[in-house]
Peer 1: 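Below: one structure in structure tokens.
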Amino acid sequence: MNKYTPSEIEKKWQDKWAAQSSLSEAQENSKKEKFYCLDMFPYPSAAGLHVGHVENYAATDIYSRFKRMNGFNVLHPIGWDAFGLPAENFAIKNGTHPNATTHQNIQNFTKQIKSLGMSYDWSREIDTSSPEYYKWTQWFFLFLYKNGLAYKKKAKVNWCDSCMTVLANEQVVDGACERCKNQVVQKDLEQWFFKITDFIEDQAGENGDVKGLINGLENIDWPNSTKIAQKNWIGKSQGAEFDFAVAGTEQKIKVYTTRVDTAFGITYVVLAPEHPMIGELQSQILNWDEVAEYLSQAKKKSDLERMEAKEKTGVELKGIKIINPFNGQEVSLFVADYVLSQYGTGAVMAVPAHDERDFEFAKKYDLEILEVVAGGNILEMAFTLDGILKNSGEFSGLNSLDAREKMIAWLEKEGIGKRKINYKLRDWLVSRQRYWGAPIPIIYCEDCGEVAEKEENLPVLLPTDVDFKPTGESPLVYSKTFHEVNCPKCGKKARRESDTMDTFVCSSWYYLRFADPKNEKEFASKENISKWLPVDMYMGGAEHTVLHLLYARFFTKALKKFGYINFDEPFLKLRHQGMIMASDGRKMSKSLGNVVNPDEVVAEFGADALRLYEMFMGPLEEMKAWNTQNIIGLSRFLDKVWKVQTLIKDDISGDKKIITLLHKTIKKVSDDIENFRFNTAISQMMILINSFEKEIQIAKTDYELLLVMLAPFAPHLAEEIWENIGNKNSIFLEKWPSADESLMQDDEVEMVVQVNGKVRERLMVASDVTEDEIKETALENPKVKVFTDGKEIKKIIFVPGKLINIVVA
RNA sequence: GCCCAGGUGGUGGAAUUGGUAUACACGCCAGUCUUAGGAACUGGUAGAGUAAUCUGUGGAGGUUCGAGUCCUCUCCUGGGCACCA
């Protein structure tokens, strides 16, 4: 027999599988039940495939192969999230067109993925930067636009001076650009938004009710932490909104609070620096110079600077008094930049006794702190928990929960305020002043204004005659062929929108395209969508918890609302692979020089060993550190499987113990794959092969069952041995074995004998031994007697097949 | 600060419902085959002790015949959110 040489057999089978595409392609006409298993598609970066990609793709490949062998018609596609900044930045630096760079990277990724033996359906490959694809990204923009879900407005937006573009809130991390870490500044600009906030709560749609972004999470199988992160991002809070009258005027100041129960403890009110009321009250403000100075200082500060300020600052609007509607008392008014203009009403009631921020501010400016909820020590710190109300007029004595209800009812009765729900989630800013993205299909006409491009004119092609150096405006502005067009409505000369779309727009609908990737008339036919969607299993990094997953859910909900599809959640089951760190425990990065290149591992150990190693590292969802030394263990395992070939005999039936272990293994491996516990599935197969190795001969049928189980993990090796031992068809056409429970019973088991819960003896007994039988043996056992002699036996606990515990006084 | 995961040998990790703690693998130690070598093979490997035995799943309590697993408190690590009123 030859030596196991991965490099030879892996190439051989990759070629053979490519020639037999039915092994990996989804079948359009099949009576089998469908299963859609999807990876978060990669951005084809110049760095090539990362070991983290391999972890993700190996897991879904194992699962897809497992599902196929269990009789499912599996859709397991791959494509490229190809628009985006790195290709453009590379172009700026080196002058290479992003299109060329991207295609080169895609080729490299393709080669790498194929060298790993992944069973993707390559016939459905998509590329978001191709006109055939972004035509439909543009169609989606128009779909949202026509239904009032895409709109343009002047807004304070996050601007990155280094990337020269605006960013979505989700792309700003700690006040800095997620990509280049440059500090983000605020700018007032006309930008395009998608109305994602329309879908926070449930609503009626053309194809039945559409579950909102919050409630929709209830019935999908996602990691709980991801659901919670999404809910936190949406940030729903329930409270009340009510008015303060400005003393001596008709004017009112509206505040939002979740703690209306503390309203009798209000000792002042604070406005955000951007609050319009400050300007309106200017003539009455006695210290206007001081206020104006504060406003201009606040305006200069970035959000980050505001957040980082150690001490809260503010200025009283002297000469203004406003009236607390609950008790009629006059309180003073401040402006302070710790109040956010974008949230709630941009004005907050300050209750220093029961809010930490107000407490800090009140201490600094020596303002009154009035306790209205009992339970804390407000001399020391704010008491922010619920409690029993005091100093609160007719509401005194109520607990906070009841008080909130009663006080909101009172506000509504008096017509001063109402119950109000607020959210942190804002509409999604989708326009980017960059080149390498899908152009926004809107035209500006002097007569007709903002006009949607006609659908038959899509795609609006990205021009090639541009200089993509960023200037703060989209590079498309400088392409005459691009922006000089005729108005689709009146035919007059008009100007095309020069912004492109955020790449997250492209990835918000790609899972639909895989159902019908070549369709030229629709983004996907209704028939194909209903055949393949929703996605049954979705896998990808946890870094997409709020961005991509929320946007994709929004697109799905919008499609359902307007009758295009009949489901409102795109991904029924979601799992994240944990990040793979370098062996030093740090993140793999070029600058640290600790990046592991999968190609090198494949060259040294083979793709099968790499796949197995990554699956064996630990629980899929957990973070783990790379350790090249450990790969050898998986190589040895594969080598053992290879060598056991020589032990097989055609015409024998296996040893009873081996059969029992085999069926236990079938059960465990099947359960473990179904639950994405690949590490323990592999260790169970190791146990089996270790037993096989010790035998003189192995029944061929037993060995074949192991090969079938191993095939999804180590496809090349399994397929090669399968052929070696005389099989004509691919091992992937085999049916997944089922465990026979009756064969899983051991004849003998080790029975633990405990005295007072401590193990004193282990006895080999028949697996069906009864309590009475074992009791006698156990009590007479000398090792046990040492601990029971002369003692009263209080009771005996018997766990069939496991242990007997003798409890003595 | 808030939310979410986690803390088990030298290392990665295992332990369905509370029932043998450390499966499987790496490493290490000893040996075997070999001219030699190991990415080969065999055996050993939680700690203490000559041993019987005792101790051991971040720490302190508790429930239980029995706790890595359940409860209370606490410490530490990683991730997410963060002036959201």
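Naming convention: chains lettered A, B, ... in sequence-line order (proteins, then strands); numbering from 1 in each chain.
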Peer 1: Strictly under 4.0 angstrom, non-hydrogen atoms only: write out the protein contact profile of nucleotides 19-43 of chain B, one letter per nucleotide from the 5' end, B, S or -.
Peer 2: BBS-BBSSS-----------SS---
Peer 1: Taking the side chain of A/N224 as heavy atoms from C-beta outward, which of B/C83, B/C54, B/A5 is closest to it?
Peer 2: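 Shortest atom-to-atom distance from the side chain points to B/A5.
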Peer 1: Counting N and O atoms only, with roles assigned by atom type, does the side chain of A/S400 sit under 3.5 Å from a partner on the main chain of A/G387, one being a donor and the other an acceptor?
Peer 2: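 Indeed, once roles are kept as given, a pair shorter than 3.5 Å links the two residues.
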Peer 1: What is the distance, rounded to the nearest whole Å, between atom CG of A/D671 and atom P of B/A15?
Peer 2: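 Distance, rounded to whole Å: 12 Å.
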Peer 1: Give the rounded distance in Å between these two atoms: OH of A/Y256 and P of B/C83.
Peer 2: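 A/Y256 atom OH is separated from B/C83 atom P by 16 Å.
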Peer 1: Does a salt bridge link A/D221 with A/R575, judged by any charged N lying under 4.0 Å from a carboxylate O?
Peer 2: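 Result for this pair is yes, salt bridge flagged.
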Peer 1: Heavy atoms under 4.0 Å, any strand shown: does A/K758 hit a base, just sugar-phosphate, or nothing?
Peer 2: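 Here A/K758 touches the backbone only, sparing every base.
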Peer 1: So does A/T197 get a backbone contact from the side chain of A/D427, meaning a donor-acceptor N/O pair under 3.5 Å?
Peer 2: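 It does hold such a pair.
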Peer 1: Kindly say if A/Y338 contacts the phosphate of B/A85, meaning a side-chain N or O under 4.0 Å from OP1 or OP2.
Peer 2: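 No, outside the criterion.
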Peer 1: B/C2 P sits how many Å from A/L385 CG, rounded?
Peer 2: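 Roughly 11 Å, once rounded to whole Å.
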Peer 1: Taking atom C1' of B/C81 as reference, at what distance in whole Å does atom OH of A/Y343 sit?
Peer 2: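 Between C1' of B/C81 and OH of A/Y343: 14 Å.
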Peer 1: Does the side chain of A/S237 get closer than 4.0 angstrom to OP1 or OP2 of B/A85 through an N or O atom?
Peer 2: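 So the side chain of A/S237 is within the cut-off, an N or O lying under 4.0 Å from OP1 or OP2 of B/A85.
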Peer 1: Considering every strand and a 4.0 Å limit on heavy-atom distances, what is the contact class for A/R760: base, sugar-phosphate, or nothing?
Peer 2: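 Result for A/R760 = sugar-phosphate.
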Peer 1: Do A/H354 and A/T384 come close enough that some side-chain heavy atom pair is under 4.5 Å?
Peer 2: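 Side chain of A/H354 against side chain of A/T384, heavy atoms only: no contact under 4.5 Å found.
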Peer 1: Any N or O donor-acceptor pair linking the side chain of A/K312 to the base of B/C83 at under 3.5 Å?
Peer 2: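 Yes, a donor-acceptor pair under 3.5 Å.
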Peer 1: With sugar-phosphate meaning primed atoms plus P, OP1 and OP2, does A/V351 contact a base, only sugar-phosphate, or nothing at under 4.0 Å between heavy atoms?
Peer 2: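 Touches nothing.
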Peer 1: Compute the ring centroids of A/F242 and A/Y256, then answer whether they are less than 6.0 Å apart.
Peer 2: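 No: the rings miss the under 6.0 Å criterion.
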Peer 1: Answer yes or no: is there an ion pair linking A/D746 with A/K664, defined by an N-O contact shorter than 4.0 Å?
Peer 2: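 Salt bridge: yes.
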Peer 1: Determine whether the aromatic ring centres of residues A/F605 and A/Y613 are separated by less than 6.0 angstrom.
Peer 2: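 So the answer is no for these two rings.
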Peer 1: Just to be sure I understand: a Watson-Crick pair is purine N1 to pyrimidine N3 plus N6-O4 or O6-N4, both under 3.5 Å. Using that and G-U wobbles, which stems of three or more pairs involve RNA chain B?
Peer 2: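 Stems (3+ consecutive pairs) listed as B:1-7 with B:75-81, B:10-12 with B:24-26, B:27-32 with B:40-45, B:46-48 with B:53-55, B:58-62 with B:70-74.
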Peer 1: Between B/C24 and B/A14, how many Å separate the two C1' atoms, rounded to a whole number?
Peer 2: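 Here B/C24 and B/A14 have their C1' atoms 7 Å from each other.
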Peer 1: Should B/G9 be called syn or anti, with syn set as within 90° of 0?
Peer 2: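 Nucleotide B/G9 adopts syn.
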Peer 1: Out of B/C83, B/G13, B/A5, which nucleotide sits closest to the side chain of A/L340?
Peer 2: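 For the A/L340 side chain, the nearest candidate turns out to be B/C83.
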Peer 1: Regarding A/E241 and A/R419, does a basic nitrogen lie under 4.0 Å from an acidic carboxylate oxygen?
Peer 2: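 Salt bridge between A/E241 and A/R419, a charged N being under 4.0 Å from a carboxylate O: no.
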Peer 1: Please tell me if the side chains of A/S237 and A/I421 come closer than 4.5 Å, counting only heavy atoms from C-beta onward.
Peer 2: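 No, every pair of side-chain atoms sits at 4.5 Å or beyond.
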